*Asks:* 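Let me begin by handing over the structure; questions about it come next.
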2 protein chains.
Amino acid sequence: MAKKKEIVEDVSAEEKLKEAARKVFTQKGYAATRTRDIAEEAGLNLALLNYYFRSKEKLFEIIMMEKLQQLFGIILPLANDPSTSLDEKLKAIASEYIDMLSANENLPLFILNEIRSNPERFVSKMQIAKIFSDSVMIKQIKEKRPDINPLHFVINILGMVVFPFIAKPILVTSGQADNKAFGALINERKKLIPLWVKAIMKAK
Amino acid sequence: MAKKKEIVEDVSAEEKLKEAARKVFTQKGYAATRTRDIAEEAGLNLALLNYYFRSKEKLFEIIMMEKLQQLFGIILPLANDPSTSLDEKLKAIASEYIDMLSANENLPLFILNEIRSNPERFVSKMQIAKIFSDSVMIKQIKEKRPDINPLHFVINILGMVVFPFIAKPILVTSGQADNKAFGALINERKKLIPLWVKAIMKAK
DNA sequence: AAATATTTTAATCAGTTGATTAAAATATTT
DNA sequence: AAATATTTTAATCAACTGATTAAAATATTT
């Protein structure tokens with residue numbers, strides 16, 4: 001048997017296809033994506049896709065798991081760090097999340113959409129529950145405001161970070177901000193969000 | 001020429017198809033919706049759909065305009081009312097929006113998604129810019145915080161109201177809340193959001 | 001009630017889409 | 001270099017999808 005082919009190209013065909021799939025799937029969603037779109041984006045033949053990944057479904061599964069990890073993987077260790085204060089957590093989450101989402105602007109809408117069309121399938125595979133109920137961060141929130149369901153604050157934190165990226169197409173198309181102004185606005189929020197969250201946690 | 005056929009059924013075939021289209025389109029999105037799904041949901045033949053609406057595209061256009069009006073139509077008059085204070089506006093927006101979205105839970109994700117895949121097409125048809133830049137509410141926000149881009153606060157208000165509905169599939173599937181608990185949580189936010197927004201507007 | 005117009009249906013079409021296949025091209029081993 | 005294994009391609013398939021059509025059923029007008 002011959003060994004795996006020497007990689008002479010910059011990137012292997014398989015990786016080219018995965019990269020194309022990342023782009024097209026996150027941009028258009030599963031249903032609107034045709035396997036031919038992916039092959040074309042990769043500059044390769046359609047049959048290659050099925051040769052390497054067996055099916056559109058299987059390729060999507062791979063990309064989706066990657067993207068879920070990308071979106072939820074960041075927050076878990078930050079929210080669960082026993083060595084940081086709540087304020088430090090807020091700063092870290094706002095900063096790191098905003099940086100990551102700036103480089104992957106349509107990641108949130110993509111994930112939220114695919115989860116809605118197939119909830120059990122993907123949510124069960126991530127330790128999402130921990131963010132919302134078992135984390136160190138939740139404990140710290142409960143200490144400060146035992147009178148309010150901590151879920152409210154988690155929703156607010158994530159919403160403040162994520163929602164601008166979800167609303168971006170509307171903001172840009174309705175002329176509220178171009179790409180540059182959006183980037184500047186988003187950057188301001190790294191400092192503002194921790195400030196705001198502290199404020200709403202004190203509000204009575 | 002005969003006059004329009006007497007409606008003996010409870011609802012006309014045309015309205016049955018529109019109602020089915022509302023349901024299926026908002027649930028699955030344009031791309032994942034097959035015209036046969038809509039016909040079946042309406043309990044009618046596929047040819048009827050093309051007979052009444054000419055094409056999937058045209059039927060979608062009708063539903064989409066309805067849904068845009070439903071989502072953005074509420075907020076414009078509230079945000080632009082010169083007779084109410086900012087605080088009254090916040091209370092009215094939180095309350096009315098949450099009620100409307102409770103009855104149309106997947107409206108936000110549907111709209112945001114379709115706008116992303118076709119921004120110019122739909123945004124231009126709504127006076128969305130007014131919410132963000134020209135409204136009375138924006139003026140009132142500027143008065144209180146001339147040092148911060150008012151867009152931040154509009155994003156926060158809308159995010160606090162809308163984001164829970166977008167995140168609901170994750171919350172429910174990850175076991176954070178069932179439908180009843182989600183409804184209760186959302187209801188609490190009617191009072192909490194105006195409180196929170198006032199708090200973040202004071203935060204320094 | 002007959003004639004005319006409208007609504008509804010079943011059958012079918014053409015284009016698209018995910019997937020397969022067999023053969024050609026390329027790489028690896030002997 | 002010959003033999004063998006792997007990778008890539010063009011051609012093709014079957015199922016699906018949006019749309020059309022012609023005829024049947026129903027309603028309206030005369």
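Below, chain A is the first sequence line, B the second, and so on; all start at residue 1. From a predicted model like this one, the values you see are computed outputs, not experimental measurements.
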*Asks:* Has Thr35(B) got a side-chain N or O lying under 4.0 Å from the OP1 or OP2 atom of dG18(D)?
*Replies:* yes

*Asks:* When you look at NZ of Lys125(B), are more than 12 heavy atoms from neighbouring residues, nucleotides or ligands closer to it than 6.0 Å?
*Replies:*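 Result for NZ/Lys125(B): enclosed.
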
*Asks:* Would you mind classifying the nucleic acid contact of Phe53(A) as base, sugar-phosphate or nothing, using non-hydrogen atoms under 4.0 angstrom?
*Replies:*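 The answer is nothing, as Phe53(A) stays clear of every strand by at least 4.0 Å.
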
*Asks:* Establish, yes or no, whether the cationic atom of Lys18(A) lies under 6.0 Å from the six-membered ring centre of Tyr52(A) and within 45° of the ring axis.
*Replies:*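 No.
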
*Asks:* Nearest whole Å is fine: how far is dT7(C) C1' from Leu49(B) CG?
*Replies:* 15 Å

*Asks:* Toward the 5' end of DNA chain C, which comes first, Arg54(A) or Arg34(A), by nearest nucleotide?
*Replies:*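 Final value for this comparison: Arg34(A).
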
*Asks:* What residue among Glu114(A), Lys56(A), Lys67(A) forms side chain to side chain contact (heavy atoms under 4.5 Å, CB included) with Phe25(A)?
*Replies:* Lys56(A)

*Asks:* Without decimals, in angstroms, what is the distance between Lys56(B) NZ and dG18(D) P?
*Replies:* 5 Å

*Asks:* Could you check how far CG of Leu48(B) sits from P of dT6(C), rounded to whole Å?
*Replies:* 16 Å

*Asks:* Report the nucleotide, chosen from dT8(C), dT20(D), dT20(C), that has the shortest atom-to-atom distance to any side-chain atom of Asn50(B).
*Replies:*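 From the listed options, dT20(D) comes nearest.
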
*Asks:* Could you tell me how far apart Leu17(B) (CG) and dT9(C) (C1') are, to the nearest whole angstrom?
*Replies:* 14 Å

*Asks:* Less than 6.0 angstrom separating the ring centers of Tyr97(A) and Phe165(A), yes or no?
*Replies:* no

*Asks:* Please determine whether a side-chain nitrogen of the Lys or Arg among Arg121(A) and Glu61(A) lies less than 4.0 Å from a carboxylate oxygen of the Asp or Glu.
*Replies:* yes

*Asks:* Can you name the salt bridge (charged side-chain N to carboxylate O under 4.0 Å, His left out) partners of Glu66(B), sequence neighbours left out?
*Replies:* Arg22(B)

*Asks:* Could you state the atom-to-atom distance from CG of Leu44(B) to P of dT8(C) in whole Å?
*Replies:*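 One finds 8 Å between P of dT8(C) and CG of Leu44(B), rounded.
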
*Asks:* Starting from P on dT7(D), measure out to CD on Glu15(A) and report it in whole angstrom.
*Replies:*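 One finds 16 Å between P of dT7(D) and CD of Glu15(A), rounded.
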
*Asks:* Report the residue (Gly43(A) or Arg36(A)) whose heavy-atom-nearest nucleotide on DNA chain D is the more 5′ of the two.
*Replies:* Gly43(A)

*Asks:* Using 0.5 Å steps for rounding, measure from the CG atom of Leu90(B) to the OG atom of Ser95(B).
*Replies:* 12.0 Å

*Asks:* Of all the choices, dA19(C), dT7(D), dT8(C), which nucleotide is nearest to the side chain of Tyr51(A) once you look at every atom?
*Replies:* dT7(D)

*Asks:* Would you please enumerate the stems DNA chain C participates in, each stem being three or more consecutive Watson-Crick or G-U wobble pairs with both distances under 3.5 Å?
*Replies:* C:1-30 with D:1-30

*Asks:* Quickly work out the Glu40(B) CD to dG18(D) C1' distance and round it to whole Å.
*Replies:*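 So the two atoms are 16 Å apart, to the nearest Å.
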
*Asks:* Rounded to the Å, how far apart are Glu14(B) CD and dT6(C) C1'?
*Replies:*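 Rounded to the whole Å, the gap is 14 Å.
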
*Asks:* For the side chain of Ala47(B), starting at C-beta, report the closest nucleotide among dT9(C), dT8(C), dT17(D).
*Replies:* dT9(C)

